[in-house]
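Okay, structure first, notes after.
Quick caveat: nothing in here was measured; it's all calculated off a predicted structure. Computation of the quantities below employed the complete heavy-atom set of this structure, encompassing side-chain atoms and omitting hydrogens, waters and symmetry-equivalent molecules. As the structure lists them, so they are numbered: ligands from 1, and atoms in each ligand from 1. The first residue in the sequence is number 1, and the count goes up from there.
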Amino acid sequence: MNITVIGTGYVGLVTGACFAKLGHTVTCVDIDEEKVRKINDGITPIFEEGLEEILATNKERIKATTDHRSAVMDSDVTFICVGTPSRKDGSIDLSSIKETTIQIAKILKEMKRWHLVVVKSTVLPGTTQNTVLPLLEQHSGKHVGSDLGLAMNPEFLKEGVAIPDFLNPDRIVIGSADEKSTATLKELYNSLTCPILVTSLSAAEMIKYASNTFLATKISFINEIGNLCKHLKIDTYQVAEGMGLDRRIGRPFLDSGIGWGGSCFPKDVDALLAWAHEIKEDAHITESTRDVNNDQPLRLIHILKKHLPKLKGKTIGILGLAFKPNTDDIRESRTIPIVQALLKEGAHVKAYDPQAMPSFKKLFPQLTYCATAQEVLSSDAILITTLWKEFMMLDYRGRTVIDGRRLEHAKNAQTYEGVCW
Ligand SMILES: NC(=O)c1ccc[n+]([C@@H]2O[C@H](COP(=O)([O-])OP(=O)(O)OC[C@H]3O[C@@H](n4cnc5c(N)ncnc54)[C@H](O)[C@@H]3O)[C@@H](O)[C@H]2O)c1
């Protein structure tokens, strides 16, 4: 099939590259000329393992452009993968979704054949039906269901392992209002072997929010348990193992630490809360999930001050800036509030991350960025904030280490304390 993917961020580019790998012909569209140029040169604008190789080996089936019209006109299906960030009040900002929908609709007005539009961006329940559908019909002059197809196909990939996640998903959810749209999406994914769940448009949207909020809640829950465990020196990771062996619970997402970040959980939790507020429904559990996560990184500072009561003038080393390992994404990284607190206390911050230093530098130009992780070790104390594999190779003997991510290798430090252990 010929596919257009609009928005070449983490989701759009991975979607486009993987569909090309599966044998489809893909045109990626972005308003960012630099991204488009890089993709056409075979360079990925984001760090995601395996992505550059897919671009290189499927060159003849994937290209990028800033021209929405030529891309959509030549394709059978258009995926909307633009960002849905938070507004200042936490509510979802749909401006890119609306703008893209109108752009597509105006192109579809001239198209003589049926075309399927798929919303892959994360949008609140009701958005595809009540915002995308009317805009598509209004600006194309066509009828969704007969002239056009419309589906909502949420993406569940995890940054860092996005390619294997896309190619071996646990499930594919197709929210659709008509059989032709469902059949077209099923055909597109037919080489993947996993359950396919067909739902209403709004149920597909809700599955995505409920999944992300549940996972964020699972982490906040184990962090709360970890904070309790610490008082009695109970090994919270043993507790997680014991809980995780129960198949109803499962071990993943039970690693206590300094909390969750990234481009999805924080904004999706905020959007769900803002929506609940708007429709006057209580969302107590989700609210607590967010509260625990806001407090958790600052516990690392509290522990650090037990060992170094006056941070003013001290050099604090930070190992890890990305919100999790194997990505360069720093959006809502738990390191951000930690660095803010250290700077407020008058500490000097030395930092290292294998991938995320260029973007962190834009936020905090005043830090000292080290060329190697080893250089960070010559600090008055070291905070471990992202669990990169290379931090396991360091020799922490003689150092003071406050660990936010449970790095076993750091336990031989002269002084060692963990956030929940
Ligand atoms: N990042 C993830 O791990 C992840 C996982 C699942 C779902 N999602 C969801 O997928 C969506 C995209 O997320 P992302 O992280 O890829 O976003 P992103 O911000 O990395 O990328 C969005 C891209 O869209 C482009 N864009 C904006 N308006 C455009 C327009 N009118 N035409 C063409 N391009 C346009 C931007 O330039 C940018 O390159 C969001 O709704 C997000 O919640 C993200």
Side-chain angles (χ1 to χ4, degrees), residues 4-18 27-39 44-49 51 64-72 78-87 92-107 117-124 127-128 131-132 135 139 152-166 169-173 204-205 207-213 215-216 260-272 322-324 326-333 359:
T4 296
V5 176
I6 302 189
T8 61
Y10 287 84
V11 166
L13 189 53
V14 169
T15 299
C18 289
T27 306
C28 293
V29 184
D30 208 290
I31 44 175
D32 185 332
E33 287 179 11
E34 175 73 3
K35 281 189 182 176
V36 166
R37 192 187 51 73
K38 279 190 170 166
I39 297 164
T44 77
I46 51 162
F47 173 74
E48 196 59 55
E49 208 164 326
L51 189 54
T65 178
T66 52
D67 180 11
H68 295 68
R69 195 178 177 284
S70 64
V72 174
T78 295
F79 280 87
I80 300 177
C81 298
V82 297
T84 47
S86 305
R87 292 203 199 98
I92 191 166
D93 179 353
L94 287 178
S95 51
S96 291
I97 293 280
K98 289 181 186 166
E99 182 191 310
T100 308
T101 305
I102 294 170
Q103 278 170 314
I104 297 169
K106 285 181 176 167
I107 300 163
V117 178
V118 185
V119 178
K120 200 173 234 327
S121 301
T122 303
V123 292
L124 281 168
T127 307
T128 306
T131 303
V132 175
L135 284 176
H139 292 272
M152 201 286 145
N153 172 222
E155 182 49 59
F156 299 100
L157 62 78
K158 299 184 287 298
E159 285 179 27
V161 282
I163 305 284
D165 273 0
F166 190 94
D170 291 333
R171 78 299 208 187
I172 290 167
V173 175
E205 293 163 329
I207 287 169
K208 177 64 188 172
Y209 275 93
S211 301
N212 272 4
T213 305
L215 292 171
W260 39 271
S263 64
C264 292
F265 288 4
K267 86 169 172 64
D268 294 347
V269 164
D270 281 351
L272 194 72
F323 85 92
K324 66 174 183 180
N326 306 321
T327 179
D328 58 350
D329 199 342
I330 61 159
R331 290 179 281 186
E332 297 293 330
S333 165
S359 35

Test of understanding: given a 4.0 Å heavy-atom threshold, classify the contact between [X] and ligand 1 as side chain, backbone, both, or neither.
{"X": "Ser121", "answer": "both"}
{"X": "Gln103", "answer": "side chain"}
{"X": "Pro154", "answer": "neither"}
{"X": "Lys98", "answer": "neither"}

Contact with ligand 1 for Lys158, non-hydrogen, under 4.0 angstrom: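 Lys158 does not count as a contact of ligand 1 under the 4.0 Å cut-off.
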Answer with yes or no whether Arg331 contacts ligand 1, where contact means a heavy atom under 4.0 Å from a ligand atom.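 Arg331: in contact with ligand 1 (<4.0 Å).
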Contacting atoms of ligand 1, where contact means under 4.0 angstrom from a heavy atom of [X]:
{"X": "Thr100", "answer": "30 (C), 31 (N)"}
{"X": "Ile6", "answer": "32 (N), 33 (C)"}
{"X": "Lys35", "answer": "38 (C), 39 (O)"}
{"X": "Thr84", "answer": "40 (C), 41 (O), 43 (O)"}
{"X": "Glu159", "answer": "1 (N), 2 (C), 3 (O)"}
{"X": "Ser263", "answer": "1 (N), 2 (C)"}
{"X": "Cys81", "answer": "12 (C)"}
{"X": "Val29", "answer": "33 (C), 34 (N)"}

Out of [options], whose heavy atom is nearest to [atom]?
{"atom": "atom 2 (C) of ligand 1", "options": "Ala271, Cys264, Gly262", "result": "Cys264"}
{"atom": "atom 14 (P) of ligand 1", "options": "Tyr10, Phe156, Phe265", "result": "Tyr10"}
{"atom": "atom 20 (O) of ligand 1", "options": "Gly9, Gly160, Ala71", "result": "Gly9"}
{"atom": "atom 16 (O) of ligand 1", "options": "Asp268, Val11, Val119", "result": "Val11"}

Run Ser121 and Glu155 through side chain to side chain donor-acceptor pair (under 3.5 Å) and show every step you take. CA-CA 7 Å; Ser121 301; Glu155 182 49 59; over 6 Å; no
Note the single closest protein heavy atom to [atom], along with its residue, its atom name and the distance in Å.
{"atom": "atom 35 (C) of ligand 1", "answer": "Val82 CG1, 3.6 Å"}
{"atom": "atom 43 (O) of ligand 1", "answer": "Lys267 NZ, 2.6 Å"}
{"atom": "atom 22 (C) of ligand 1", "answer": "Gly83 N, 3.6 Å"}
{"atom": "atom 37 (O) of ligand 1", "answer": "Asp30 OD1, 2.6 Å"}
{"atom": "atom 32 (N) of ligand 1", "answer": "His68 NE2, 2.9 Å"}
{"atom": "atom 7 (C) of ligand 1", "answer": "Thr122 OG1, 3.5 Å"}
{"atom": "atom 24 (O) of ligand 1", "answer": "Gly7 CA, 3.3 Å"}

Side chains of [X] and [Y]: does their closest heavy-atom pair fall under 4.5 Å?
{"X": "Ile31", "Y": "Thr66", "result": "no"}
{"X": "Ile97", "Y": "Thr101", "result": "yes"}
{"X": "Thr4", "Y": "Phe79", "result": "no"}

Rounded at 0.5 Å granularity, tell me how far [atom1] in [X] sits from [atom2] in [Y].
{"X": "Thr44", "Y": "Lys38", "atom1": "OG1", "atom2": "NZ", "answer": "8.0 Å"}
{"X": "Tyr209", "Y": "Thr122", "atom1": "OH", "atom2": "OG1", "answer": "6.0 Å"}
{"X": "Lys35", "Y": "Asp30", "atom1": "NZ", "atom2": "CG", "answer": "5.0 Å"}
{"X": "Phe156", "Y": "Asp165", "atom1": "CZ", "atom2": "CG", "answer": "11.5 Å"}
{"X": "Ile46", "Y": "Thr8", "atom1": "CD1", "atom2": "OG1", "answer": "8.5 Å"}

Are any of the N/O atoms on [X], whether in the backbone or the side chain, positioned under 3.5 angstrom from an N/O atom of ligand 1?
{"X": "Glu99", "answer": "yes"}
{"X": "Glu155", "answer": "no"}
{"X": "Asp32", "answer": "no"}

Hey, mind stepping through Ser95 and Asp93 against side chain to side chain donor-acceptor pair (under 3.5 Å) and telling me if it holds? CA-CA 6 Å; Ser95 51; Asp93 179 353; 2.7 Å; yes
Lys158 and Lys324: CA distance, side-chain angles, deciding distance, side-chain contact (heavy atoms from CB on, under 4.5 Å) verdict: CA-CA 10 Å; Lys158 299 184 287 298; Lys324 66 174 183 180; 3.7 Å; yes
Run the numbers on Ile6 and Val82 for side-chain contact (heavy atoms from CB on, under 4.5 Å), then give the verdict. CA-CA 6 Å; Ile6 302 189; Val82 297; 4.1 Å; yes
Stepwise side chain to side chain donor-acceptor pair (under 3.5 Å) check, Thr128 with Glu205: CA-CA 8 Å; Thr128 306; Glu205 293 163 329; 2.5 Å; yes
Taking the cut-offs as 6.0 angstrom to the six-membered ring centre and 45 degrees off its axis, would you call Arg331 and Phe323 a cation-pi pair?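 No - Arg331 does not lie over the ring of Phe323 by the 6.0 Å and 45° rule.
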Ignoring hydrogens and angles, state whether a donor on the side chain of Thr84 or Lys267 is under 3.5 Å from an acceptor on the partner side chain.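 Distance-only check passes for Thr84 and Lys267.
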So if I apply the side-chain contact (heavy atoms from CB on, under 4.5 Å) rule between Met152 and each of Thr127, Ile207, Val123, which one comes out positive?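 Looking at Thr127, Ile207, Val123, the match for Met152 under the side-chain contact (heavy atoms from CB on, under 4.5 Å) is Val123.
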